[in-house]
Asks: 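One structure, as structure tokens, below. Some questions next.
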There are 2 protein chains.
Amino acid sequence: MALRHAVLAALLDGDLSGYQLAKEFDLGVANFWHAQPQQLYAELTRLEKNGLIAGREVIQETRPNKRLFQVTDAGLAELEEFTAASAKPSFIRDDLLVKVQAADHVDTEALIAQLSERATFAQAKVDLFGKLLRSMRQDRTEEEFLRHGDRIGPYLTCLRGLAFEQGNRDWCEHAITVLRERQQAHVRH
Amino acid sequence: MALRHAVLAALLDGDLSGYQLAKEFDLGVANFWHAQPQQLYAELTRLEKNGLIAGREVIQETRPNKRLFQVTDAGLAELEEFTAASAKPSFIRDDLLVKVQAADHVDTEALIAQLSERATFAQAKVDLFGKLLRSMRQDRTEEEFLRHGDRIGPYLTCLRGLAFEQGNRDWCEHAITVLRERQQAHVRH
DNA sequence: CCGCTCATGTAACAGGTTACATGATTTA
DNA sequence: TAAATCATGTAACCTGTTACATGAGCGG
């Protein structure tokens, strides 16, 4: 099971409801995992049944009631075991790269449109991750924070997310430049 | 369907058998997709049934016979349509990042072991992609090749793969350094 | 003769996505 | 009063992984 451990890791920084967790999976957690809300509700139910998390009902007056979950000792042990086991390498799996692979056989304009859409999206994530990093380290420098901060896990994963999206953006822009130049060279013939 | 288009894109550079395709998916194609051989055989069958690829039996004397597949006009049209449709953004989904997220709650030594294993793996991929790029551009410079080469799609995706693995390697090494330094700071107390 | 490469699959299962469903409250 | 947010799920379907199965030739 895969999502299982991502959820446990996400719950380490405070008790969350399914709804809040879903939000997390769209923001911070998106650096290392992604999941639909439906998947999360199902996984939370399973984790609680297995005793890896404990839920408690929170009665709200103005909002619907919710259930907050926290990682149990058994959950921590599970994470520990998971960390010790060797991870299989992860692969890129991206529709956009498939399209670029076919570059010389498909419409260039359509491809450029896709690339610039992605570049914009990547830049937005770069901005977001930058903000998240700043809010985590507060007034400290990055070096200072990484040396003495007491919760560096999320910071490190956010750094990877940032670099990944910068890589996406730069690569998209480079590919666009290359395709445009070839277009012009072709026109001159 | 997702694998579908990855297979079509991979077959653009020459007719391949299921077996050869599986090899491709472990090397070059690994820049943008990954798949088990079983999945590929199943997908090839489906694609042929839908008329997007055409297979022909090749009788071999010393080896078992094989079926080579090539993309049909309908297959090219499908790729064209796929390229024009907007791609949903891709996400990182990586066990290793989940482990790092939990960094402050799990055994540091185990984590460092995972990180250095991954760094080694990433470096191997960097070397491999470097070789692939050189063999694609032959004696030309990268700029020259990208301007005038007649098949730049695979080159561009390989560049992304290269940058991605460099990013992985650098990030792993950085994380290891940070964790080691904190370990020592902790010991001094 | 043992293990690797070539060559192709089936079957069972685990994991992930999409569509559908409900209902209250707050904000524009 | 319409749309967004809070809050939680079920069901059907599609995709991907793991285990199993077969068989010939080649290299050490």
Side-chain angles (χ1 to χ4, degrees), chain A residues 1-8 15-27 29-30 32-50 53 55-69 82 85 87-95 98, chain B residues 1-8 15-27 29-30 32-50 53 55-69 82 85 87-95 98:
Chain A
M1 214 163 306
L3 176 60
R4 185 179 205 78
H5 302 104
V7 169
L8 285 174
D15 303 0
L16 298 172
S17 67
Y19 188 82
Q20 292 171 306
L21 192 61
K23 294 263 145 146
E24 277 291 301
F25 268 75
D26 262 1
L27 293 175
V29 180
F32 61 92
W33 211 269
H34 175 258
Q36 260 42 65
Q38 297 90 329
Q39 234 183 313
L40 295 174
Y41 283 115
E43 193 62 48
L44 285 171
T45 306
R46 226 172 301 151
L47 279 165
E48 196 185 22
K49 200 154 54 187
N50 297 168
I53 59 174
R56 62 200 159 85
E57 186 91 15
V58 174
I59 284 98
Q60 301 185 118
E61 278 150 33
T62 63
R63 303 250 162 235
N65 297 344
K66 61 182 173 182
R67 279 155 50 70
L68 291 186
F69 296 94
F82 168 70
K88 36 195 154 173
S90 76
F91 299 98
I92 289 186
R93 185 173 285 193
D94 189 339
D95 280 356
V98 174
Chain B
M1 211 163 307
L3 177 60
R4 187 180 204 73
H5 302 105
V7 169
L8 286 173
D15 304 359
L16 297 172
S17 67
Y19 187 82
Q20 291 170 309
L21 192 61
K23 294 264 144 144
E24 278 291 299
F25 268 74
D26 263 1
L27 292 176
V29 180
F32 60 93
W33 212 267
H34 174 256
Q36 258 44 64
Q38 296 90 328
Q39 234 183 313
L40 295 174
Y41 284 115
E43 193 60 48
L44 285 171
T45 306
R46 226 173 301 150
L47 279 165
E48 195 185 22
K49 199 153 54 187
N50 297 166
I53 59 173
R56 62 198 158 85
E57 185 93 15
V58 174
I59 284 99
Q60 300 185 119
E61 278 150 33
T62 63
R63 303 248 162 240
N65 296 343
K66 61 182 174 182
R67 279 156 50 72
L68 291 186
F69 295 92
F82 168 69
K88 38 196 152 173
S90 75
F91 299 98
I92 287 186
R93 183 172 285 192
D94 189 339
D95 280 355
V98 173

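So that the names make sense, note that chain A is the first sequence line, chain B the second, and so on, each numbered from 1.
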Asks: Please give, in whole Å, the distance from C/dT17 P to A/L3 CG?
Replies: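 It is 10 Å, rounded to the nearest whole Å.
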Asks: Would you indicate whether the side-chain heavy atoms of A/W33 and A/F25 approach each other to under 4.5 Å?
Replies: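 Answer yes - side chains close enough.
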Asks: For the pair made of CD in A/E48 and C1' in D/dG9, what is the distance, rounded to whole Å?
Replies: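 Answer to the nearest Å: 15 Å.
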Asks: Rounded at 0.5 Å granularity, tell me how far CG in B/L8 sits from CZ in B/F69.
Replies: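 Output value for this atom pair is 12.0 Å.
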Asks: Are side-chain heavy atoms of B/Q60 and B/V58 found at a separation under 4.5 Å?
Replies: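 A side-chain contact exists here, since the closest heavy-atom pair is under 4.5 Å.
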Asks: Holding to side-chain contact (heavy atoms from CB on, under 4.5 Å), I want the full list of residues that pass it with A/E57, two or more places apart in sequence or in another chain.
Replies: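 Testing A/E57 for side-chain contact (heavy atoms from CB on, under 4.5 Å), a comparison that skips the adjacent residues, returns A/I59, A/N65, A/R67.
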Asks: Work out which heavy atom in A/A35 is nearest to a heavy atom in A/L3; give both atom names and the distance.
Replies: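 In this case the closest contact between A/A35 and A/L3 is CB-CD1, 3.8 Å.
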Asks: Using side-chain hydrogen bond (donor to acceptor under 3.5 Å, both in side chains) as the criterion, list what pairs up with A/D26, not counting sequence neighbours.
Replies: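 A/D26 satisfies side-chain hydrogen bond (donor to acceptor under 3.5 Å, both in side chains) with no other residue.
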Asks: Which residues in residues 33-45 of chain A have a heavy atom closer than 4.0 Å to any atom of DNA chain D?
Replies: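 DNA chain D contact set from residues 33-45 of chain A: A/Q38, A/Y41.
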Asks: Can you list, pair by pair, the side-chain donor-acceptor contacts under 3.5 Å of residues 15-22 of chain A, counting residues two or more places apart and other chains?
Replies:
residue : atom : partner : partner atom : Å
A/D15   : OD2  : A/R56   : NH2          : 3.0
A/S17   : OG   : A/Y19   : N            : 3.4
A/S17   : OG   : A/Q20   : N            : 3.1
A/S17   : OG   : A/Q20   : OE1          : 3.3
A/Q20   : OE1  : A/S17   : N            : 2.9

Asks: Can you work out whether B/L68 or B/K88 has the more 5'-proximal nearest nucleotide on DNA chain C?
Replies: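 Whichever sits nearer the 5' end wins; that is B/L68.
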Asks: Separation of A/Q20 atom CD from D/dA7 atom P, in whole Å?
Replies: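 So the two atoms are 7 Å apart, to the nearest Å.
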Asks: Base, backbone or nothing for each nucleotide of nucleotides 21-28 of chain C, written B, S, -, heavy atoms under 4.0 angstrom, 5' to 3'?
Replies: --B-SS--
Asks: How long is the straight-line distance from CD1 of A/I92 back to OG of B/S90, given to the nearest 0.5 Å?
Replies: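 Reported value, rounded in 0.5 Å steps: 7.0 Å.
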Asks: For B/R46 and C/dG9, give me the distance from atom CZ to atom C1', rounded to whole Å.
Replies: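 About 13 Å, once rounded to whole Å.
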Asks: To the nearest angstrom, how far is B/D26 atom CG from C/dC6 atom C1'?
Replies: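 About 15 Å, once rounded to whole Å.
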Asks: Would you mind classifying the nucleic acid contact of B/R93 as base, sugar-phosphate or nothing, using non-hydrogen atoms under 4.0 angstrom?
Replies: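 Result for B/R93 = sugar-phosphate.
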Asks: Need the bend value for the helix from C/dC1-D/dG28 to C/dA28-D/dT1: angle between end axes, 5 pairs each end, nearest 10°.
Replies: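 The end-segment axes of the helix from C/dC1-D/dG28 to C/dA28-D/dT1 are tilted 40° relative to each other.
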Asks: Given atom CG of B/L16 and atom C1' of C/dA7, what is their separation to the nearest angstrom?
Replies: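 Nearest whole value for this atom pair: 14 Å.
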Asks: Identify which nucleotide among C/dC6, C/dG16, D/dT8 has an atom closest to any side-chain atom of B/Y19, counting heavy atoms from C-beta outward.
Replies: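 Per side-chain heavy atoms of B/Y19, the pick is C/dC6.
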Asks: Quick check for you: among C/dA7, D/dA7, D/dC6, whose closest atom lies nearest to any side-chain atom of A/K23?
Replies: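 The answer is D/dC6.
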Asks: If I take atom NE2 in residue A/H5 and atom P in nucleotide C/dG16, what distance separates them, rounded to the nearest angstrom?
Replies: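 Rounded to whole Å, this separation is 12 Å.
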Asks: Expressed in angstrom and rounded to an integer, what is the separation of B/N65 atom CG from C/dG9 atom P?
Replies: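 Atom CG in B/N65 sits about 12 Å away from atom P in C/dG9.
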Asks: Apply ring pair (Phe, Tyr, Trp, His ring centres under 6.0 Å) to A/F82 and list each qualifying residue two or more places apart in sequence or on a separate chain.
Replies: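 Per chain and number, A/F82 pairs via ring pair (Phe, Tyr, Trp, His ring centres under 6.0 Å) with A/H5.
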Asks: Please identify each residue that fulfils salt bridge (charged side-chain N to carboxylate O under 4.0 Å, His left out) with B/E43, with sequence neighbours left out.
Replies: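 Per chain and number, B/E43 pairs via salt bridge (charged side-chain N to carboxylate O under 4.0 Å, His left out) with B/R4, B/R46.
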Asks: Sequence neighbours excluded, which residues qualify as side-chain hydrogen bond (donor to acceptor under 3.5 Å, both in side chains) partners of A/R63?
Replies: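 Partners of A/R63 by the side-chain hydrogen bond (donor to acceptor under 3.5 Å, both in side chains) criterion come out as none, since no residue qualifies.
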Asks: Applying side-chain hydrogen bond (donor to acceptor under 3.5 Å, both in side chains), name anything that partners A/H34, two or more places apart in sequence or on another chain.
Replies: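 Result, side-chain hydrogen bond (donor to acceptor under 3.5 Å, both in side chains) vs A/H34: none returned.
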